[in-house]
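No hydrogens, no waters, no symmetry mates; every other heavy atom, side chains included, goes into these values. The sequence lines fix the lettering, A, B, ..., with proteins before strands; numbering per chain opens at 1.
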There are 4 protein chains.
Amino acid sequence: MPSVPRKPDPTRRSERSRQAILEATRELISEVGYAKLSVEAIAARAGVGKQTIYRWWRSKGAVVFDSFLTLSEGVDGMALPDTGDIEADLKAVMRATVAEFADPTFEAPIRALNLEIASDPDLAAQYREKLAGPVDEAKKERLRSAQRAGQIAADADLDLALELLYAPLYQRWLLRSGPLTPEYADAVVDHVLRALRP
Amino acid sequence: MPSVPRKPDPTRRSERSRQAILEATRELISEVGYAKLSVEAIAARAGVGKQTIYRWWRSKGAVVFDSFLTLSEGVDGMALPDTGDIEADLKAVMRATVAEFADPTFEAPIRALNLEIASDPDLAAQYREKLAGPVDEAKKERLRSAQRAGQIAADADLDLALELLYAPLYQRWLLRSGPLTPEYADAVVDHVLRALRP
Amino acid sequence: MPSVPRKPDPTRRSERSRQAILEATRELISEVGYAKLSVEAIAARAGVGKQTIYRWWRSKGAVVFDSFLTLSEGVDGMALPDTGDIEADLKAVMRATVAEFADPTFEAPIRALNLEIASDPDLAAQYREKLAGPVDEAKKERLRSAQRAGQIAADADLDLALELLYAPLYQRWLLRSGPLTPEYADAVVDHVLRALRP
Amino acid sequence: MPSVPRKPDPTRRSERSRQAILEATRELISEVGYAKLSVEAIAARAGVGKQTIYRWWRSKGAVVFDSFLTLSEGVDGMALPDTGDIEADLKAVMRATVAEFADPTFEAPIRALNLEIASDPDLAAQYREKLAGPVDEAKKERLRSAQRAGQIAADADLDLALELLYAPLYQRWLLRSGPLTPEYADAVVDHVLRALRP
DNA sequence: CCCTAAACGAGACGGTACGTCCGGTCTTGAC
DNA sequence: GTCAAGACCGGACGTACCGTCTCGTTTAGGG
């Protein structure tokens with residue numbers, strides 16, 4: 001008897017347990033760090049049986065991921081500031097990103113999330129669809145506005161533009177390969193805008 | 001007497017064991033992946049006592065890291081090709097990087113190494129010093145040659161230049177956020193050179 | 001309001017479910033053995049909700065016990081053979097008992113039942129009343145007949161007599177402390193009859 | 001890789017752990033009863049890793065069994081009292097057995113042991129060899145003495161004699177099928193001696 | 001004939017324990 | 001004193017069941 005694992009019925013899922021698990025996960029990542037996070041501890045903190053976690057998530061990584069999804073659910077309709085000055089606007093956004101990376105409260109969980117995504121292609125796909133996608137779309141919308149204003153080339157590849165802007169920040173932060181300062185953000189913006197000029 | 005762990009005498013270290021451990025580590029990362037790599041398995045595969053691993057390395061990550069150091073020992077004196085055409089040279093190098101990332105043989109170990117570095121600031125420092133540093137220096141040397149040839153601005157920040165070039169590739173690869181093609185490498189080079197023009 | 005568990009109404013009990021549960025129990029004891037018997041498995045096999053089991057039985061042991069009661073319902077009016085020769089009759093009955101103990105079909109369930117009874121005084125009481133009692137009464141009736149025929153002492157303690165006869169068989173079987181052969185049964189009968197002679 | 005479970009080296013076994021485990025087992029059986037005894041609890045109480053238990057014992061039952069072996073190690077050379085009066089001596093011994101069965105301190109562990117033996121043929125074999133065997137030999141020695149004294153038949157089957165004596169007590173105790181009194185023990189002895197008379 | 005209340009199947013839930021794996025420490029005997 | 005070997009304590013893993021608790025869905029009188 002190969003014990004066919006019947007799949008659970010989502011309509012009967014306990015929302016209370018789901019919330020408790022995601023909240024416990026977020027708390028524990030902040031408290032003990034991602035490396036020492038255990039399903040056992042999540043279940044205990046959430047007042048939940050371990051099976052309830054394994055029933056609804058494939059892996060610890062999936063729980064971690066979901067705990068972030070929930071955090072940033074309101075981001076969807078988000079739009080970036082548009083003062084008409086693409087350079088100023090980008091620098092503001094990039095400096096905010098730098099500040100977020102520097103904030104020790106965010107540092108640990110975001111790092112956990114990124115390690116999880118880097119390890120698991122499935123989560124990476126979900127990440128792009130649910131988290132990165134909408135945010136990137138908002139950013140590209142701002143770049144399109146700049147295209148219309150003639151501030152960057154009309155035929156610029158906006159996906160590439162985004163990567164030229166953010167990847168250097170991301171890499172410095174993830175690998176700690178250099179100081180992550182507002183000035184650095186500014187320098188990146190200056191260079192990339194130069195590359196994108198009409 | 002509180003067992004003061006006298007530190008081992010490196011002169012008596014068994015080179016044979018060291019090699020066996022590093023080799024077993026490389027093999028196992030390729031075979032079972034980084035997530036399922038265990039000290040136990042390394043010791044068994046290497047025909048070595050676990051203590052011998054713990055005696056000489058702080059953590060599993062340190063072993064993984066060292067297993068790469070050994071791999072790339074000959075890289076030190078390396079210089080990049082210099083045909084006089086910075087654009088062609090950069091595209092060649094970047095396309096090689098893309099190919100390396102795409103090679104399934106390298107994929108797993110490099111990913112393991114990067115996860116380890118992202119998790120452990122100490123290893124990150126070692127990484128910069130021992131691995132990234134020399135390679136980056138060679139790359140910067142090529143850029144300096146281009147500066148002298150007037151192909152890129154004399155006052156360009158070469159560290160930044162390197163990051164603008166490599167970070168987009170790195171990010172796409174690590175997060176699987178898009179296709180990693182030679183054309184993509186070319187596009188990045190084109191943009192960055194534009195930003196760096198005198 | 002502390003959920004007073006109103007007790008179920010037996011008149012509305014589903015006979016179909018009851019039968020399915022008892023049958024599934026018997027099957028599973030034979031198939032996987034008593035130690036690995038689980039309420040979950042019984043419910044699944046019987047196509048029944050777990051609650052239906054817990055509604056009508058106190059414990060797994062109670063189900064096991066009941067599954068035997070049902071098996072041996074027709075035994076009540078049973079009478080032992082009476083050829084007039086107590087020795088021959090007893091030997092026949094005892095040999096039959098030996099055969100039953102040796103039959104692998106009966107072995108597992110009977111053992112399960114005995115372990116359950118040995119663990120739970122309540123079940124033991126039920127066992128005496130519902131199963132052992134009637135059977136013992138039939139056996140004692142045969143002994144009384146022998147008393148009237150002057151084959152065993154008129155003042156013999158028949159309960160003790162039964163125990164002298166059956167306990168040695170039972171012990172050998174339960175603890176596997178020796179071979180359980182027809183000859184052994186005969187020897188026991190011979191000795192006990194000698195002890196009971198007028 | 002079928003993970004060949006290499007067998008442990010008994011010469012390196014920790015005697016301290018072994019003792020702690022057996023002692024914890026005895027304590028827990030007395031405290032919480034056999035049904036609620038868990039390997040987890042034994043390990044915790046003994047201050048031992050669970051693996052250390054699973055390394056040296058096949059099952060929980062085997063641990064329980066061993067914890068009894070250790071208890072009764074001094075019994076080996078034991079000899080029964082021999083006043084020359086077999087009836088008096090047997091009654092004394094049987095009454096002692098009755099008392100032991102009645103003692104609530106012994107009740108739980110002995111019952112646990114018997115359930116374990118009844119469930120597991122391997123343990124049953126060990127039981128006969130290590131525990132029951134020596135004790136039975138002492139009892140048979142006393143019976144042989146009675147044979148020499150002409151109190152019981154010279155050709156009596158002493159194994160059978162032992163079973164006729166003890167099985168009724170054992171059965172009454174295990175199944176709680178009747179009161180276990182000194183008088184009952186006496187009655188059994190009287191009958192069995194009558195059956196064994198020369 | 002419908003209404004309603006109970007029993008029912010299904011199975012999610014909070015838990016406990018399972019038996020396994022591995023981390024990191026400690027011990028033994030060979031070299 | 002390092003080494004291979006591996007026992008040890010501890011703790012987390014992912015699974016199996018426990019007994020309880022909803023969920024709709026039958027089902028069977030009583031109105």
* To do: Please tell me which of P8(A) and P10(C) maps to the more 5' nucleotide of DNA chain E, matching each residue to the nucleotide holding its nearest heavy atom.
  => P10(C)

* DNA chain E: 5'-proximal contact among R58(B) and D9(C) (nearest heavy atom) -> D9(C)

Any salt bridge between [X] and [Y], counting N to O under 4.0 Å?
| X | Y | value |
| --- | --- | --- |
| K60(B) | D120(B) | no |
| R18(B) | D66(B) | no |
| R45(D) | E31(D) | yes |

* To do: Output the residues of residues 35-45 of chain A in contact with DNA chain F, where contact means a heavy atom of the residue under 4.0 Å from an atom of the strand; sort by number or write none.
  => S38(A), V39(A), E40(A)

Distance check needed: [N] [atom2] versus [X] [atom1], whole Å only.
| X | N | atom1 | atom2 | value |
| --- | --- | --- | --- | --- |
| K60(A) | dG14(F) | NZ | C1' | 13 Å |
| K7(D) | dA7(F) | NZ | C1' | 17 Å |
| I53(C) | dC18(F) | CD1 | P | 9 Å |
| R16(D) | dT28(E) | CZ | C1' | 18 Å |
| R18(B) | dA4(F) | CZ | P | 14 Å |
| W57(C) | dC18(F) | CH2 | P | 15 Å |

* Kindly indicate whether a cation-pi arrangement holds for R12(C) with W56(C), taking the cut-offs as under 6.0 Å to the six-membered ring centre and within 45° of the axis. => no

Distance test, side-chain N/O of [X] to OP1/OP2 of [N], below 4.0 Å:
| X | N | result |
| --- | --- | --- |
| S17(C) | dA7(E) | no |
| T52(B) | dA4(F) | yes |
| W56(B) | dC3(F) | yes |

Taking atom types as they are modelled, would you say the side chain of [X] forms a donor-acceptor pair with the base of [N] within the 3.5 Å cutoff?
| X | N | result |
| --- | --- | --- |
| Q51(C) | dC8(E) | no |
| K50(B) | dG24(E) | yes |
| R55(B) | dT2(F) | no |
| R13(B) | dT2(F) | no |

* **Candidate list R16(B), E15(B), E23(B), test side-chain hydrogen bond (donor to acceptor under 3.5 Å, both in side chains), partner Q19(B), passing option** => E15(B)

* Residue closer to the 5' end of DNA chain F, S14(B) versus Y54(A) (nearest nucleotide) -> S14(B)

Only pairs under 3.5 Å count here: list side-chain donor-acceptor contacts from residues 46-55 of chain A, not counting sequence neighbours, and write none if there are none.
| residue | atom | partner | partner atom | Å |
| --- | --- | --- | --- | --- |
| K50(A) | NZ | E40(A) | OE1 | 2.8 |

* To do: Determine the minimum heavy-atom distance between R176(C) and A118(D), stating which atoms define it.
  => NH2-O, 3.0 Å

